[in-house]
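All chains are named by letter (A, B, ...) in the order of the sequence lines, taking the proteins before the strands, and each is independently numbered beginning at 1.
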Protein chains: 2
Amino acid sequence: MALDSPAKAPNSRRTILDAAAACFARQGFAQTSIDDIARAIGATKGKIYHHFRSKGELLSAVRKSSILLTSAQVEPVFLANQAPRARFHSMAMAHVRAMIEQLPYHRVVIENLRKGDIGPSTPHERALMQEIRTLQRGYEDLFRTVITQGMQNGAFHSQPVSVALHSVLMLLNAPVFWYHPRQGETAADRVAIARQIADMALAALTPRAEPKDPLP
Amino acid sequence: MALDSPAKAPNSRRTILDAAAACFARQGFAQTSIDDIARAIGATKGKIYHHFRSKGELLSAVRKSSILLTSAQVEPVFLANQAPRARFHSMAMAHVRAMIEQLPYHRVVIENLRKGDIGPSTPHERALMQEIRTLQRGYEDLFRTVITQGMQNGAFHSQPVSVALHSVLMLLNAPVFWYHPRQGETAADRVAIARQIADMALAALTPRAEPKDPLP
DNA sequence: CTAAAGCATACTACCAAGTATGTTTTAAGG
DNA sequence: CCTTAAAACATACTTGGTAGTATGCTTTAG
């Protein structure tokens with residue numbers, strides 16, 4: 001019996017995770033009881049505690065899924081051989097599209113960003129959180145790399161990287177706070193939103209020509 | 001005995017609010033007990049429940065304070081008669097400076113943005129939340145106004161206002177997630193950070209000249 | 001056929017919000 | 001000053017909700 005191997009994992013885990021993400025996203029983590037999640041999938045606590053050791057581990061699993069989902073969308077774009085501006089723009093679009101397409105997962109993560117730094121947890125959970133932090137760092141480094149290269153390149157405005165990185169990432173994450181699918185919204189609409197935000201993010205990094213207010 | 005008048009209010013309320021904001025910001029709202037807050041000011045539950053009816057009202061009070069504090073910094077700048085770009089930039093700087101100067105208050109608000117939309121609450125609390133939403137709307141409208149004018153003016157890139165507004169506001173709010181005062185940090189350092197972020201926000205709204213990646 | 005995985009049910013333990021009530025301090029008036 | 005009532009707080013208690021557990025039943029796989 002492998003402890004960690006998700007080898008033969010049926011989709012029970014995934015079903016639970018989806019429900020958990022949905023509940024956490026709708027009511028918040030603390031306001032969601034395990035029974036809520038169980039009821040959402042027509043089951044009971046037993047099923048959930050059979051697959052996850054604790055509520056915290058459930059949250060950790062959602063967080064990990066979120067990062068993996070986003071990485072799966074963005075990393076291929078990152079690996080394509082493009083110049084900094086084009087590369088950043090396509091990465092940004094992929095990121096935003098991921099945000100709005102799996103909204104529950106990502107909303108949970110953003111709203112519980114600082115939950116990883118504190119709180120008691122079993123040694124087993126500490127390890128999980130460490131792994132998540134590593135994944136998170138790795139993902140951020142994709143953008144950090146592109147931004148740094150762009151600055152050296154002259155493609156981006158030269159400025160403190162850390163502040164720029166965090167600011168731009170938050171800009172790309174912003175949809176989790178306000179986005180909600182409109183009536184009769186098409187995939188093209190979502191792409192348009194993603195493009196607008198990606199454009200703004202790119203502009204935020206662009207060297208400025210010191211434009212002035214138009215004279216009256 | 002006036003029910004709502006903060007007329008003769010000593011600084012007991014403010015003391016409690018400061019402690020609550022600090023605790024909520026450090027441990028999160030749900031992870032903070034009333035006793036935690038009481039202990040932080042060397043008192044007991046009794047004192048807190050004498051000034052606030054419930055934990056939720058405490059959170060609401062923090063939220064309200066946050067908005068009022070920010071407004072107090074930004075509104076004067078808004079009222080000064082400047083062209084859109086200059087006006088937006090000074091508003092943005094004031095906003096960011098408020099974020100990092102009263103970090104606990106604003107962090108609490110951002111991390112509990114969606115708590116206002118849900119949750120049970122007494123009729124009295126519903127009213128309070130309604131008032132807060134009104135204040136929030138009013139504050140956002142300051143930026144909405146400037147952005148809209150700038151777009152008509154040609155000072156800003158023309159694009160859907162709502163998305164642009166939310167995106168830029170989140171960019172300005174971002175410091176609450178990552179900022180923490182560094183060793184020997186001066187006021188000038190904080191201004192520099194605020195300027196960098198304000199510059200990025202302004203750039204995000206600026207009309208683009210379709211810059212290309214520099215050729216290798 | 002049997003053992004383990006998968007899940008349901010019933011129960012326990014505990015924490016923290018809220019309350020009831022008692023005690024001290026303040027402020028005003030005689 | 002002394003009285004007294006209200007405000008300002010402390011202490012002790014009640015209670016609901018929920019995480020986690022113990023246990024038993026059912027399905028699947030070998």
Q.
Is there a side-chain contact between A:His50 and the phosphate of C:dG6, meaning an N or O under 4.0 Å from OP1 or OP2?
A.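 Checking C:dG6 against A:His50, a side-chain N or O does come within under 4.0 Å of OP1 or OP2.
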
Q: Would you kindly give the CD1-to-C1' distance between A:Ile16 and C:dC7, to the nearest whole Å?
A: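 Result: 10 Å.
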
Check: protein-nucleotides 19-23 of chain D nitrogen or oxygen pairs below 3.5 Å:
from: D:dA19; atom 1: OP1; to: A:Thr32; atom 2: O; distance (Å): 3.4
from: D:dA19; atom 1: OP1; to: A:Lys55; atom 2: NZ; distance (Å): 3.1
from: D:dA19; atom 1: OP2; to: A:Ile34; atom 2: N; distance (Å): 2.9
from: D:dA19; atom 1: N7; to: A:Lys45; atom 2: NZ; distance (Å): 3.3
from: D:dG20; atom 1: OP2; to: A:Tyr49; atom 2: OH; distance (Å): 3.3
from: D:dG20; atom 1: OP2; to: A:Lys55; atom 2: N; distance (Å): 3.1
from: D:dG20; atom 1: N7; to: A:Lys45; atom 2: NZ; distance (Å): 3.3

Q. Does atom CZ of B:Arg87 have more than 12 heavy-atom neighbours, drawn from other residues, nucleotides or ligands, at distances under 6.0 Å?
A.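 For B:Arg87, atom CZ is crowded (more than 12 foreign heavy atoms under 6.0 Å).
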
Q. Is the A:Phe88 ring parallel, tilted or perpendicular to the A:Phe143 ring (thresholds 30°, 60°)?
A.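 A:Phe88 and A:Phe143: perpendicular rings.
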
Q) How are the rings of B:Trp178 and A:His166 set to each other: parallel, tilted or perpendicular (split at 30° and 60°)? A)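 Parallel.
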
**Q.** Axial cation check for B:Tyr105 ring with B:Lys64, 6.0 Å and 45° limits
**A.**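 No, B:Lys64 and B:Tyr105 do not form such a contact.
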
(Q) With side chain to side chain contact (heavy atoms under 4.5 Å, CB included) as the test, pick out the partner of B:Val74 among B:Met91, B:Arg97, B:Met93. (A)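 Among the candidates, only B:Met91 passes.
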
**Q.** Aromatic B:Phe24 / basic B:Lys55 pairing, under 6.0 angstrom, 45° off normal
**A.**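 Judged by the rule, B:Lys55 and B:Phe24 form no cation-pi pair.
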
(Q) Nearest whole Å is fine: how far is C:dA17 P from A:Gln31 CD? (A)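 The answer, rounded to whole Å, is 12 Å.
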
Q. Which pairs pass salt bridge (Lys or Arg N to Asp or Glu O under 4.0 Å) with one or both residues in residues 188-204 of chain A, sequence neighbours excluded?
A.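 Residue pairs passing salt bridge (Lys or Arg N to Asp or Glu O under 4.0 Å), neighbours aside: A:Glu185-A:Arg190.
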
Q: Would you mind reading off the distance between B:Phe52 atom CZ and D:dA8 atom C1', rounded to a whole angstrom?
A: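 It is 14 Å, rounded to the nearest whole Å.
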
Strictly under 3.5 Å: I want the nitrogen or oxygen pairs between protein and nucleotides 25-30 of chain D, one per line.
none

(Q) Any side-chain N or O of A:His51 below 4.0 angstrom from OP1/OP2 of C:dC7? (A)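 Yes, because at least one side-chain N or O of A:His51 sits under 4.0 Å from OP1 or OP2 of C:dC7.
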
**Q.** Protein-nucleotide distance (B:Arg13, atom CZ; D:dA8, atom P), rounded to Å
**A.**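 Rounding to the nearest Å, CZ of B:Arg13 and P of D:dA8 are 11 Å apart.
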
Q: Could you tell me the separation between the CZ atom of A:Arg39 and the C1' atom of C:dT9, rounded to a whole number of Å?
A: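 Taking atom C1' of C:dT9 as the reference, CZ of A:Arg39 is at 15 Å.
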
Q | Nearest-Å distance for atom pair NZ/P, residues B:Lys47 and C:dT24 | A |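 Going from NZ in B:Lys47 over to P in C:dT24 covers 17 Å.
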
(Q) For the residue pair A:Ser66 / A:Gln102, report whether a side-chain donor-acceptor contact shorter than 3.5 Å exists. (A)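 No, A:Ser66 and A:Gln102 have no side-chain donor paired with an acceptor closer than 3.5 Å.
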
Q: Would you mind reading off the distance between B:Ile48 atom CD1 and D:dA10 atom P, rounded to a whole angstrom?
A: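 Spelled out: CD1 on B:Ile48 to P on D:dA10 is 9 Å.
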
**Q.** Distance test, side-chain N/O of B:Ser12 to OP1/OP2 of D:dC9, below 4.0 Å
**A.**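 It does, given that an N or O in the side chain of B:Ser12 lies less than 4.0 Å from OP1 or OP2 of D:dC9.
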
Q) Taking all non-hydrogen atoms of both residues, which atom of A:Gln73 and which atom of A:Ala94 are closest, and how far apart? A)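 That would be O-CB, 3.8 Å.
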
